[in-house]
Chemist: 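Input: one structure, supplied below.
Note that the coordinates shown come from a computational prediction; the quantities given were computed from them, not determined experimentally.
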Amino acid sequence: MEAYLDNSATTPLCREAVERMNYALTTCWGNPSSLHSHGIAASELLEESRSIIANKLSCESDEIYFTSGGTESNNIAVLGAANAMKRRGSRIITTSVEHSSVEESVQYLESQGFDVIRLRVNENGMIDERQLYAATNPSVVLISIMYVNNEVGTIQPVEFANRAAVHAGASNALIHCDAVQAFGKVQLKPYNMGVDLMSISSHKIHGPKGAGALFVKKGTRIAPHSFGGLQEGKIRPGTEPLPAIAGFGAAAAALPDYTHSLHHAMQLRDYMLSGISAMDGIAVNSPSNALPYVTNISVLGIPSEVMLNYLSNMGIYVSNGSACSKGHKSRVLKAMNLNEARINSALRISISRYTTKEEIDYLLYGIDSAQKTMRKLK
């Protein structure tokens, strides 16, 4: 038996995505920019996919720009917004628990003279609304806050960003939300959230790797940092990877009702935590109100890599944090002020709509087996 529980890193392809990608690869293989029949067919497939993504975000199709994934979307949004707005001010507000694609982008902007404020989080990984309001002033040009944390599942109050900007007289500030771990799991309406820029990704919703999208609210200007073509409104020039985009659109179209999927995830998460609570020496790092698709625990006394290898040998696949931070200690858990013992033994368990109770049972068996084996070796 196998138990794949690393869905925050990537998800297996759904049947609908595979079929649509095969169509794009074998039938609709033209360049969407070409004016002949093959190009027109490809262009229609591209726009069909764009319309599907727009519908999922309750926005217009011309507000969706395709990228290679969440990392590129975050880079385009953060760098593009800051550079477009730099004449208006120099302050950027983000959090101490952002994905590395945001953190490293603001580090670069900091080296260019921007004033970067990183909001601290509490033991649940949550920012304080009062801290956000205190940091926001008329010089703020960008606020970037992740919606669902990719390591512990904390849901941030993104809607406070726009309120804080308006309250401080920084109504022109752009609000960016990294919604990569939220898209497909909760309903997202950037207009209702007061968000100008939103990043999403295909391979987190059972679509292919190599495709993502950036929502850019109509009227929002961002400065491009790639050049050489007219594609995607010059925000992300270059020939579009149509098979990946078509798979992305198909995966989005195949998303089930959010309420049903969320209920399924909550049932599995609660079942797992019930089993974990019966074991000794395990701490739960995710808050109780985290998105149930992501659960972070620490099997105290057993280093993460040792546990990962043990479980992997059994066919149980989890991770020790963000896939983009391989080999590095978690900034998120450190920001939550967890001790070294918990950070060094942390595991991220992430499920999808395809995860079964039997897989959770196998995980619980694997953790129990690992603990008993390690104790004998000591």
Chemist: Val152 pairs by side-chain contact (heavy atoms from CB on, under 4.5 Å) with which of Leu291, Thr295, Val294, Leu333?
Modeler: Leu333
Chemist: Sub-3.5 Å donor-acceptor pair from the side chain of Ser286 to the main-chain atoms of Asn296, do we have one?
Modeler: yes
Chemist: Taking side chain as C-beta onward, heavy atoms only, is Lys185 less than 4.5 Å from Ser261?
Modeler: no
Chemist: Measure the CE-CE distance between Met126 and Met336 for me, rounded to the nearest 0.5 Å.
Modeler: 10.5 Å
Chemist: Under a 3.5 Å cutoff, is there a donor and acceptor pairing between the side chains of Glu151 and Ser330?
Modeler: yes
Chemist: Atom CG in Asn339, atom NZ in Lys334: separation rounded to 0.5 Å?
Modeler: 13.0 Å
Chemist: I need the Met198 CE to Lys189 NZ distance, nearest 0.5 Å.
Modeler: 12.0 Å
Chemist: If we count only N and O atoms by modelled type, under 3.5 Å, do the side chains of Tyr4 and Thr11 hold a donor and an acceptor together?
Modeler: no
Chemist: Consider only side-chain N and O atoms of Tyr147 and Gln156, and report whether a donor and an acceptor are under 3.5 Å apart.
Modeler: no
Chemist: So do Leu35 and Ile40 actually touch side chain to side chain, heavy atoms under 4.5 Å?
Modeler: no
Chemist: More than 12 heavy atoms of other residues, nucleotides or ligands under 6.0 Å from NE2 of His36: yes or no?
Modeler: yes
Chemist: Short question: side chain of Thr220, backbone of Val216 - any donor-acceptor pair under 3.5 Å?
Modeler: no
Chemist: Is any side-chain heavy atom of Val180 less than 4.5 Å from a side-chain heavy atom of Asn150?
Modeler: no
Chemist: Would Leu311 and Tyr317 count as a side-chain contact (heavy atoms from CB on, under 4.5 Å) here? Give the steps.
Modeler: CA-CA 7 Å; Leu311 294 176; Tyr317 309 109; over 6 Å; no
Chemist: Do the non-hydrogen side-chain atoms of Val186 and Ile155 ever get within less than 4.5 Å of each other?
Modeler: no
Chemist: For Arg348, run the side-chain contact (heavy atoms from CB on, under 4.5 Å) check against Asn285, Val318, Asp6, Asn320 and tell me which one passes.
Modeler: Asp6
Chemist: Looking at Tyr108, I'd like to know if its OH atom is crowded, meaning that more than 12 non-hydrogen atoms belonging to other residues, nucleotides or ligands lie closer than 6.0 Å.
Modeler: no
Chemist: Look up atom CG in Leu214 and atom CG in Asn75, then write down how far apart they are to the nearest 0.5 Å.
Modeler: 11.0 Å
Chemist: Within a strict 4.5 Å, meaning less than it, do heavy atoms of the Val306 and Asn309 side chains meet?
Modeler: no
Chemist: For the pair Tyr271 and Asp361, evaluate side-chain contact (heavy atoms from CB on, under 4.5 Å) and give the outcome as yes or no after the intermediate values.
Modeler: CA-CA 9 Å; Tyr271 178 74; Asp361 283 330; 2.5 Å; yes
Chemist: Between the main-chain N or O of Asp270 and the side-chain N or O of Ser274, is there a donor-acceptor pair closer than 3.5 Å?
Modeler: no
Chemist: So, for Ile53 and Ala252, which heavy atoms are closest and what is the spacing to 0.1 Å?
Modeler: CD1-CB, 3.6 Å
Chemist: Checking Glu48 against Ser51: is there a side-chain donor and acceptor pair closer than 3.5 Å?
Modeler: no
Chemist: Check whether Gln371 reaches the backbone of Asp368 with its side chain - one donor and one acceptor, N or O, closer than 3.5 Å.
Modeler: no
Chemist: Would you confirm whether Ser73, through its side chain, and Gly69, through its main-chain N or O, come within 3.5 Å as a donor-acceptor pair?
Modeler: yes
Chemist: Where is the tightest heavy-atom contact between Leu142 and Val78, given as atom of each residue plus distance?
Modeler: CD2-O, 3.8 Å
Chemist: Side chains of Met272 and Ile349, heavy atoms from C-beta outward: is any pair under 4.5 Å?
Modeler: yes
Chemist: Give the minimum heavy-atom separation between Ala135 and Arg91, together with the two atoms involved.
Modeler: O-NH1, 2.8 Å
Chemist: Rounded to the nearest 0.5 Å, what separates atom OG in Ser201 from atom CD in Glu72?
Modeler: 11.0 Å
Chemist: Between Leu347 and Leu308, is any pair of side-chain heavy atoms under 4.5 Å apart?
Modeler: yes
Chemist: Would you indicate whether Met266, at its atom CE, is surrounded by more than 12 heavy atoms from other residues, nucleotides or ligands within a distance under 6.0 Å?
Modeler: no
Chemist: Donor-acceptor pair, distance only, cut-off 3.5 Å: does the side chain of Ser68 make one with the backbone of Ala211?
Modeler: no
Chemist: Does a donor on one side chain sit under 3.5 Å from an acceptor on the other, for Ser350 and Asn7?
Modeler: no
Chemist: Provide the closest heavy-atom pair for Ala84 versus Ala223 in the form atom of the first, atom of the second, distance.
Modeler: CB-N, 3.7 Å
Chemist: Do the ring planes of Tyr362 and Tyr365 sit parallel (below 30°), tilted (30 to 60°) or perpendicular (above 60°)?
Modeler: parallel
Chemist: Give me the atom names and distance for the closest heavy-atom approach of Ala213 to Thr67.
Modeler: N-OG1, 3.6 Å
Chemist: Heavy-atom distance under 4.5 Å between the side chains of His167 and Tyr133, does that happen here?
Modeler: yes
Chemist: Starting at CZ of Arg342, measure out to OG of Ser298 and round the result to the nearest 0.5 Å.
Modeler: 6.0 Å
Chemist: Under a 3.5 Å threshold, yes or no: a donor from one side chain and an acceptor from the other, between Ser100 and Glu104?
Modeler: no
Chemist: Test side-chain contact (heavy atoms from CB on, under 4.5 Å) on Thr94 and Ile117; report intermediate values, then the result.
Modeler: CA-CA 6 Å; Thr94 186; Ile117 305 296; over 6 Å; no
Chemist: Keeping Thr154 on the side-chain end and Asn124 on the backbone end, is there a donor-acceptor pair under 3.5 Å?
Modeler: yes
Chemist: Can you name the nearest heavy-atom pair linking Phe114 to Ala82, along with the distance?
Modeler: CZ-O, 3.5 Å
Chemist: Looking only at atom types and distance, does a side-chain atom of Ser304 sit under 3.5 Å from a main-chain N or O of Asn344, one as donor and one as acceptor?
Modeler: yes
Chemist: Does Ile93 offer a backbone N or O that forms a donor-acceptor pair with the side chain of Arg118 under 3.5 Å?
Modeler: no
Chemist: Are Leu79 and Phe215 connected in the hydrophobic side-chain network, where two residues link if heavy atoms are under 4.5 Å apart?
Modeler: no
Chemist: Please check: side-chain N/O of Gln231 versus main-chain N/O of Glu240, any donor-acceptor pairing under 3.5 Å?
Modeler: no
Chemist: Any carboxylate oxygen within less than 4.0 angstrom of a Lys/Arg side-chain nitrogen, looking at Arg120 and Asp128?
Modeler: no
Chemist: Would you check if there is a donor-acceptor pair between the side chains of His176 and Ser199 at a distance under 3.5 Å?
Modeler: yes
Chemist: Are Tyr354 and His206 an aromatic pair, judged by ring center distance below 6.0 Å?
Modeler: yes
Chemist: Would you say the side-chain atoms of Glu63 and Tyr191 include a donor-acceptor pair closer than 3.5 Å?
Modeler: yes
Chemist: For Glu232 and Arg50: C-alpha separation, side-chain torsions, deciding distance, then whether side-chain contact (heavy atoms from CB on, under 4.5 Å) applies.
Modeler: CA-CA 11 Å; Glu232 299 307 303; Arg50 196 186 312 277; 2.8 Å; yes
